[in-house]
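The chains referred to below are lettered A, B, ... by the order of the sequence lines, with proteins before strands, and numbering in each begins at 1.
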Amino acid sequence: MTVRLRVAPSPTGDPHVGTAYMSLFNLAFARHEGGAFILRIEDTDRARFQADSEQQVYDTLRWLGLDWDEGPDIGGPHAPYRQSERLESYRPVAEALLASGHAYHCWCTPERLAEMREAQQKAKQPTGYDRLCVGKAREERAALPGFAETPVVRMLVPDDAPLTFVDLIRGEVNAPRPDDQVLMKTDGFPTYHLANVVDDHSMQITHVVRGEEWISSTPKHLLLYDWMGWQRPAFAHMPLLRNADKSKISKRKNPAARLTWFVDEGFLPEALRNFLGLMGYSLPDGEEIFSFEEMAASFDWSRVNPVGPVFDVDKLHWMSGHYVRELELADLAGRIVAFMGVEGAAAQLVRRAAPLVQERMATLREASDMLQFLVVGPRFAVDPDAAAKQLGESAQPVLGAAIASLEGLDSFAAADIEAALRAALVDGLGLKPKHAFGPVRVAVTGNLVSPPLFESIELLGRDTTMARLQSALG
RNA sequence: GGUCCCGUCGUCUAGUGGCCUAGGACGCUGCCCUCUCAAGGCGGUAACGAGGGUUCAAAUCCCUUCGGGACUACCA
């Protein structure tokens, strides 16, 4: 049993979240069956070719922990795994189809095709190639308008083309009758339809797992398999991830459509992986928090919901926080340090602060933001809004008392700091804790919201703390 | 426009004829806890698109309708 993930280089050079989604289900199924998962790069569109996008696909998929058994970067028995390196295998198939009468040359110019389509749309007719070139020799066709020197190869779709197939998720599915699809382009590259079928056959792919948008072109592929006398694979058409407005998820409408966005925001990869597994899918026991292994172990196509789910970043955010709380402290600390890019003493400080933020963060970016006050050094500045609210006239006595109480402290440990501040501000000045610690928090951390104050002060150290309090006292 | 796919709380979902006066989760929200913010605990809010059938019984089956989506390229 073999499934493959086809990845087309993204025109923006940035992998799409749908790629990870398909990858997860491909992999879960492959692992469940003990089969192989192949990564294949479908780079037959040279106009959209992006040199660096391939590496980004590897990086983000590995970040998510979705590893392939065979692929361009690791090789395998079906190498090569880039269609641009398999070009010689498509031409013979096109020739065979031409010879058997299942395909024909078409010399129509893109302009003629565009005009034809426009006229059809205007007349409210179904669009489709009008077969002007069918049965015509080159010279014969050349006498007609809209002639191009280099022909493409088109499928000759018969009236009785098979339009029904069994889908692993949807059961029996009907699909529209295909147009005479181009198989070979004028640049000598195959189109997706040809390359995909040829490669899937030669790589012995048994299960084709792809997005729902491919249902309508499945009859083309069925025809190709049948014409070549190849065994058809099984098909599973996954639902499409959606934007909040229910349209197919897109980078223009949704930052989450961009896989690197999750990395940049510091979401935990295990959370995204789990969340993607919840999209259109559920485990038999209804448990929402599950590992990839659990998903693979019970994987079943009948549990895939054909309805396209809206990608809800809020829930992913919650889930990321959930996973953060389950992490070993050292692991979490290491991730925060790596995300912040701090080293040396600053990294040590951040490591010690990890327990302070573990239950306050969902993403590494949030941890980074919360801990900036520890590592900014001389660039420290109090947030203007926080200063306006907490460091006004009435705060002066509070700050003064705080300084006085901390100055005399022998031990600068959190418990002692708390005891001293409580004695001076709550007992001494008769303030409510909330009002007592507000000004101190803003003066020391620069923000209205911070990790626990006394622990933060301990980590910051006596010198920095006193300097910041003095500065706020101005 | 045509063809196809799909329709359970705002969102992700459970549900495969009786266990459903529809369960869980996120979100929102009330209370508790509390040095801020969180986390946590206990509550609340909110859905079977509509209309017809079939059946003793329908969210579950059938039909119609409405709604959403995808496709309709020498892009994948």
Side-chain angles (χ1 to χ4, degrees), chain A residues 6-11 42-45 47-48 106 108-110 113-114 117 120-128 148 150-154 163 167 170 173-179 181-187 189-193 195-196 210-218 237 239-240 242 244-248 275 278-282 284-289 302 305-319 321 325 357-362 366 370 386 390 418 421-422 425-426 432-438 440-442 445 447-454:
Chain A
R6 42 154 292 273
V7 179
S10 153
E42 310 214 327
D43 54 352
T44 54
D45 185 357
R48 290 220 266 177
C106 172
C108 291
T109 59
L113 262 15
R117 241 189 319 271
Q120 288 167 336
Q121 273 165 354
K122 219 169 193 171
K124 302 213 187 269
Q125 295 292 311
T127 55
T150 314
V152 298
V153 176
R154 280 184 189 275
L163 303 180
D167 185 272
R170 296 153 209 271
V173 171
N174 296 300
R177 189 180 174 285
D179 187 16
Q181 177 66 47
V182 169
L183 258 20
M184 290 293 269
K185 308 183 232 180
T186 48
D187 64 4
F189 276 66
T191 55
Y192 164 83
H193 307 283
N196 189 261
R210 64 201 343 180
E212 183 186 350
E213 74 264 40
W214 294 106
I215 288 178
S216 55
S217 46
T218 301
H237 288 94
L240 259 22
R242 319 282 193 105
D245 67 2
K246 305 275 189 186
S247 59
K248 177 172 154 180
F275 183 70
L278 228 39
M279 298 279 89
Y281 193 71
S282 60
D285 64 5
E287 185 53 64
E288 290 197 303
I289 300 294
S302 73
N305 193 153
V307 189
V310 171
F311 193 100
D312 178 15
V313 178
D314 280 348
K315 185 153 184 176
L316 169 65
H317 185 264
W318 163 79
M319 193 170 274
R325 264 152 250 132
V357 293
Q358 185 165 29
E359 64 185 31
R360 305 185 150 69
M361 61 178 284
E366 288 163 0
M370 276 186 281
Q390 291 285 356
E418 176 168 10
L421 287 176
R422 276 191 191 281
L425 309 180
V426 179
K432 290 203 157 137
K434 188 175 186 170
H435 299 119
F437 304 129
V440 178
R441 180 188 313 284
V442 170
T445 69
N447 287 294
L448 252 13
V449 172
S450 81
L453 184 58
F454 315 114

(message) To the closest 0.5 Å, what do you measure between CD (A/E212) and NZ (A/K248)?
(response) 10.0 Å
(message) For the CG atom of A/D45 and the OH atom of A/Y192, what is their distance to the nearest 0.5 Å?
(response)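 Spacing of CG (A/D45) from OH (A/Y192) equals 14.0 Å.
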Heavy atoms under 4.0 Å, any strand shown: does [X] hit a base, just sugar-phosphate, or nothing?
X      : value
A/F311 : nothing
A/P452 : base
A/V152 : base
A/K185 : base
A/L453 : base
A/S282 : sugar-phosphate
A/E42  : sugar-phosphate
A/M279 : sugar-phosphate

May I have the distance from [X] (atom [atom1]) to [N] (atom [atom2]), rounded to whole angstrom?
X      : N      : atom1 : atom2 : value
A/H317 : B/rC12 : NE2   : C1'   : 17 Å
A/R210 : B/rC75 : CZ    : C1'   : 15 Å
A/F275 : B/rG27 : CZ    : C1'   : 12 Å
A/E366 : B/rC37 : CD    : P     : 16 Å
A/L316 : B/rA25 : CG    : C1'   : 14 Å
A/M184 : B/rC75 : CE    : P     : 12 Å
A/F437 : B/rC37 : CZ    : P     : 14 Å
A/D167 : B/rC4  : CG    : P     : 16 Å

Minimum-distance nucleotide (side-chain atoms of [X] versus [options]):
X      : options                : answer
A/W318 : B/rC26, B/rC35, B/rU11 : B/rC26
A/E213 : B/rC35, B/rG1, B/rC71  : B/rC71
A/R117 : B/rA76, B/rC12, B/rC74 : B/rC74
A/Y192 : B/rA76, B/rC35, B/rC5  : B/rA76
A/P110 : B/rU72, B/rC35, B/rC74 : B/rC74
A/R441 : B/rG69, B/rA76, B/rC35 : B/rC35
A/V449 : B/rC4, B/rU36, B/rC74  : B/rU36
A/K315 : B/rA38, B/rG27, B/rG24 : B/rG24
A/R360 : B/rC74, B/rC71, B/rC37 : B/rC37
A/D312 : B/rG10, B/rC5, B/rC74  : B/rG10

Using the [atom1] atoms only, state how far [M] lies from [N], rounded to an integer number of Å.
N      : M      : atom1 : result
B/rU60 : B/rG1  : P     : 29 Å
B/rU13 : B/rC6  : P     : 15 Å
B/rU3  : B/rC12 : P     : 28 Å
B/rA76 : B/rA14 : P     : 34 Å
B/rC9  : B/rG15 : C1'   : 14 Å
B/rG68 : B/rG24 : C1'   : 26 Å
B/rU29 : B/rA38 : P     : 10 Å
B/rA50 : B/rG7  : P     : 15 Å

Pairing nucleotide - [N], Watson-Crick or G-U, each distance under 3.5 Å:
N      : answer
B/rG43 : B/rU29
B/rC35 : none
B/rC71 : B/rG2
B/rG7  : B/rC66
B/rU60 : none

(request) Go through A/E418 and A/F437 one step at a time and tell me if the side-chain contact (heavy atoms from CB on, under 4.5 Å) criterion holds. (result) CA-CA 10 Å; A/E418 176 168 10; A/F437 304 129; 5.7 Å; no
(message) In terms of relative ring orientation, are A/F275 and A/F311 parallel, tilted or perpendicular, with 30° and 60° separating the classes?
(response) perpendicular
(request) Decide yes or no, distance alone: a donor-acceptor N/O pair under 3.5 angstrom between the base of B/rG1 and the side-chain of A/Q125. (result) no
For the residue pair [X] and [Y], establish whether any side-chain heavy-atom pair is separated by less than 4.5 Å.
X      : Y      : value
A/L448 : A/R441 : no
A/L316 : A/M279 : no
A/P433 : A/L425 : no
A/V152 : A/T186 : yes

Counting just side-chain N and O atoms, does [X] come under 4.0 Å of either OP1 or OP2 of [N]?
X      : N      : result
A/K248 : B/rC71 : yes
A/T44  : B/rC74 : no
A/N174 : B/rC5  : yes

(request) Would you mind telling me which residue lines up with the more 5' stretch of RNA chain B, A/E418 or A/Y281, judged by nearest nucleotide? (result)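 Comparing both residues, the 5'-ward one is A/Y281.
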(message) If you assign each of A/L448 and A/T191 to its closest nucleotide in RNA chain B, which residue comes earlier from the 5' end?
(response) A/L448
(message) Could you go through A/T445 and A/N447, starting from their C-alpha distance and side-chain angles, then the distance that decides it, and tell me whether this counts as side-chain hydrogen bond (donor to acceptor under 3.5 Å, both in side chains)?
(response) CA-CA 5 Å; A/T445 69; A/N447 287 294; 5.1 Å; no
Contacts under 3.5 Å, N or O only, protein and nucleotides 6-8 of chain B:
none

Within the distance-only criterion (no hydrogens, no angle test), does the side chain of [X] pair as donor or acceptor with the backbone N or O of [Y] below 3.5 angstrom?
X      : Y      : answer
A/R325 : A/M361 : yes
A/E288 : A/L278 : no
A/R170 : A/H237 : yes

